[in-house]
Amino acid sequence: MKVHEYQAKEILSQAGVAVPAGGVARTPEEAKQIAEGMGKVVVKAQVHAGGRGKAGGIKSASNSDEAKRAAEAMLGTRLTTFQTGPEGVPVSAVLVEEELKVSRELYVGMVIDGAAGGVVVMASESGGVEIEEVAQATPEKILKVAIDPVLGLQPYQGRRIAYFLGIEPGQVREVTSMMSSLYGVFLENDCSLAEINPLVVTAEGAVLAADAKINVDDDALFRHPEILELHDPEQEDSLEAAAAENGISYVKLDGDVGCMVNGAGLAMATMDVTTFAGTSPANFLDVGGGADEEKVAKALSIILSDPSVRRVLVNIFGGILRCDVVARGVIMAAEAAPASVRPMVVRMLGTNAEEGRQILEASNLEVTLVGDLKQAAESLQGMV
Amino acid sequence: MSILVDERTRLLVQGITGREGSYHAKRCREYGTNLVAGVTPGRGGQEFDQNVPVYDTVDQAVAETGANASLIFVPPAFAADAILESIDAGIHLVAAITEGIPVNDSVKVVRYLRDKETVVIGPNCPGVITPGANCKMGIMPGHIHSPGRIGVVSRSGTLTYEAVGQLTELGIGQSTCVGIGGDPVSGTSFVDVLRMFNDDPETDAVVMIGEIGGTREQEAAEYISSDFTKPIASLIVGRSAPPGRRMGHAGAIITGKAATAHEKIRALEAAGAVIIPSPADIGVTMKKVVAG
């Protein structure tokens with residue numbers, strides 16, 4: 001789960017990480033009040049997407065009136081960045097902060113690394129840009145430090161990072177303790193990512209988190225009710241939100257072949273099959289192992305409510321999930337909204353596959369039944 | 001021989017009285033697996049499926065029945081604890097089926113495993129099956145498998161069934177099939193399983209099924225080019241997945257260039273693995289590999 005920048009900064013600030021002075025505003029008037037007496041400020045759109053600066057989501061203001069106008073221009077609009085779809089994401093809040101006199105922009109971040117089997121810290125002197133760009137262009141400019149889960153982040157590791165970043169001797173202790181605080185935040189909140197980018201060294205020599213990103217492990221949310229309260233469903237695609245509510249794993253993509261599959265690996269494989277057929281998947285969807293007819297129907301209705309879907313590929317390897325249950329669910333969804341139904345290619349294998357096929361054949365739906373993935377691809381091509 | 005499970009496997013199921021646990025314990029037993037015990041705290045003294053004793057702790061189950069493998073169906077919040085309990089009780093092989101274990105819990109488990117003999121498969125995996133020994137320790141549909149000499153290792157569940165289905169269809173049997181799971185942190189990696197297949201005289205060649213996210217496939221590529229001596233074919237799925245989006249599995253997310261399907265395919269191809277072009281071609285590609 002993602003949280004907003006201002007929420008991430010509150011979490012970091014409580015853990016002792018210095019952040020710029022400021023506050024969050026939901027109206028232009030609030031933005032003006034916060035900016036009052038602060039001198040130069042920046043107004044930052046609060047959205048769950050990077051690339052805000054280039055998209056006009058970060059504006060400087062030299063006084064509170066300008067801050068108000070900047071907030072006015074952003075609030076209630078939708079911001080489109082390279083990380084959002086063309087429809088963008090809504091801006092319902094802005095963060096108004098003191099403008100820092102930046103001397104250096106650095107990067108520190110923590111992620112779970114599968115190969116290391118735990119948390120890995122990444123640090124780079126090239127802050128303010130996506131770390132992935134740095135990793136591709138100049139991998140030697142990134143320091144990676146693996147943290148032993150038993151020991152936690154040790155002071156020497158913090159110092160190693162600080163010296164790598166070229167921190168002035170007077171601030172090494174501060175940065176070292178900042179790294180410990182960040183690691184504490186990472187563990188206490190079950191983060192999957194905690195990133196300060198940029199970590200700014202100001203002209204006065206202060207070290208602050210000028211921007212921060214925290215993602216929390218979805219699977220750990222059950223033990224973090226306080227994080228769940230920060231959830232902002234407005235930032236998510238409405239179909240994805242509906243799917244999540246029903247326990248269906250769904251990701252909206254930009255093709256026109258709706259895909260309904262059981263199992264994440266098979267769902268990715270099915271997307272690839274549609275791509276090889278010269279078509280393009282409209283979504284990733286894993287209906288899950290323990291689905292019943294209602295859940296299958298819900299899954300299909302979510303796929304069918306995407307206007308860009310022109311045909312549907314159903315690929316089920318029956319195990320715990322029986323193919324006859326899937327067939328009944330498909331019919332249930334079709335009967336509930338007959339106008340939304342598109343031509344379907346259905347491939348069923350495993351538990352009760354024959355029964356499932358018979359149910360679909362006996363229905364009046366436009367269904368092409370196929371035996372394997374190769375035939376599925378050929379049928380999709382035939383439907384173009 | 002085969003790897004991980006065979007006639008000597010004495011299976012214990014943690015969470016045996018739950019809905020999924022009891023369903024799959026019965027299916028494993030029907031397939032021929034020697035199910036010796038179940039564990040559910042508070043249910044000690046009960047009997048499961050006629051004559052299978054249920055215990056309160058794994059320690060008791062091991063002491064009374066000689067169980068040496070544990071299949072875990074415990075809910076996510078308590079699953080790491082269940083895995084640790086099995087490791088501590090001296091169980092040789094643990095397969096954690098549970099999906100949705102917090103990653104930080106898995107980090108602790110994997111750290112604890114470092115100096116232990118136990119092999120942990122998963123979490124979030126379908127388990128392990130050796131068709132030739134009629135031993136199934138997992139949730140895979142048993143009937144699609146057939147005994148043979150091809151090893152299968154995969155991060156996925158249903159996609160592994162797809163692969164096995166295609167192999168069986170073409171008359172290519174399997175020595176052992178291992179699902180290592182879809183989580184970013186897991187007990188056993190591709191390399192661990194490939195090492196076992198390499199040392200197994202009953203495995204002639206391997207199908208490896210990877211996906212986007214992490215760098216476990218690149219580690220496998222390094223091992224394949226240095227020490228792996230058998231033919232191997234590999235399928236990597238998620239070529240059409242966008243960056244930054246989690247594709248169902250917690251570990252299936254493109255976080256950087258190395259995590260893309262393209263990079264993994266490149267590494268495996270350079271290491272000498274035969275690349276399976278499409279998910280529809282697993283069986284036919286393997287047939288060519290087997291024919292040499």
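Every chain is numbered from 1, with letters handed out A, B, ... down the list of sequences.
Of the possible donor and acceptor atoms, one in the side chain of A:Ser379 sits under 3.5 Å from a partner among the backbone N and O of A:Gln375. Remark: side-chain polar atoms of B:Gln166 are paired, donor with acceptor, to backbone N or O of B:Ile282 under 3.5 angstrom. Side chain of A:Asp286 to main chain of A:Gly263: a donor-acceptor pair is present (N/O by atom type, distance under 3.5 Å, no hydrogens or angles). Panel note: side chain B:Thr160, backbone B:Gly179; no donor-acceptor pair is recorded below 3.5 Å.
Using a 4.5 Å cut-off between heavy atoms, B:Ile209 does not touch chain A at all. Proximity to chain A (any heavy atom under 4.5 Å) is restricted, for B:Thr215, to the side chain, taken from C-beta onward. With a 4.5 angstrom heavy-atom cutoff, B:Arg246 touches chain A via backbone and side-chain atoms both. Interface residue B:Arg239: backbone and side-chain heavy atoms are both found under 4.5 Å from chain A. Looking at B:Pro277, the atoms closer than 4.5 Å to chain A (heavy atoms on both sides) all sit in the backbone: N, CA, C or O. Contact annotation for B:Leu235: neither backbone nor side-chain heavy atoms come within less than 4.5 Å of a heavy atom of chain A. Contacts of B:Ser154 with chain A are absent, with no heavy-atom separation under 4.5 Å from either backbone or side chain. Within the 4.5 angstrom heavy-atom criterion, only side-chain atoms of B:Glu219, from C-beta onward, approach chain A. For B:Ala250, the part sitting under 4.5 Å from any heavy atom of chain A is the side chain, from C-beta outward, and nothing else. Of the two parts of B:Lys108, neither the backbone nor the side chain holds a non-hydrogen atom closer than 4.5 Å to a non-hydrogen atom of chain A. For a residue to count as touching a neighbouring chain, one of its non-hydrogen atoms must lie under 4.5 Å from one of that chain's; by this rule B:Ala163 does not touch chain A.
With a 4.5 Å cut-off on side-chain heavy atoms, A:Ser280 and B:Ser240 do not count as touching. Counting only heavy atoms from C-beta outward, the side chains of B:Thr158 and A:Val261 never approach each other to under 4.5 Å. Considering only heavy atoms from C-beta on, B:Arg27 comes within 4.5 Å of B:Lys136 through its side chain. You'll find the side chain of A:Leu321 stays beyond 4.5 Å of the side chain of A:Thr351, heavy atoms only.
With chain B as the partner, the residue from A:Asp190, A:Asp113, A:Ile131 showing the most heavy-atom pairs under 4.5 Å is A:Asp190.
Applying the salt bridge (charged side-chain N to carboxylate O under 4.0 Å, His left out) definition to pairs two or more places apart or across chains, those involving residues 256-271 of chain A are A:Asp256-A:Arg310, A:Asp256-A:Arg311.
Side-chain contact annotation: B:Gln218 with B:Glu222, donor-acceptor N/O pair under 3.5 Å absent.
Aromatic ring orientation, A:Phe317 versus B:Tyr161: perpendicular (interplanar angle above 60°, classes split at 30° and 60°).
Using a 4.5 Å cut-off between non-hydrogen atoms, the part of residues 217-226 of chain A that approaches chain B consists of A:Asp217, A:Asp218, A:Asp219, A:Ala220, A:Phe222, A:Arg223.
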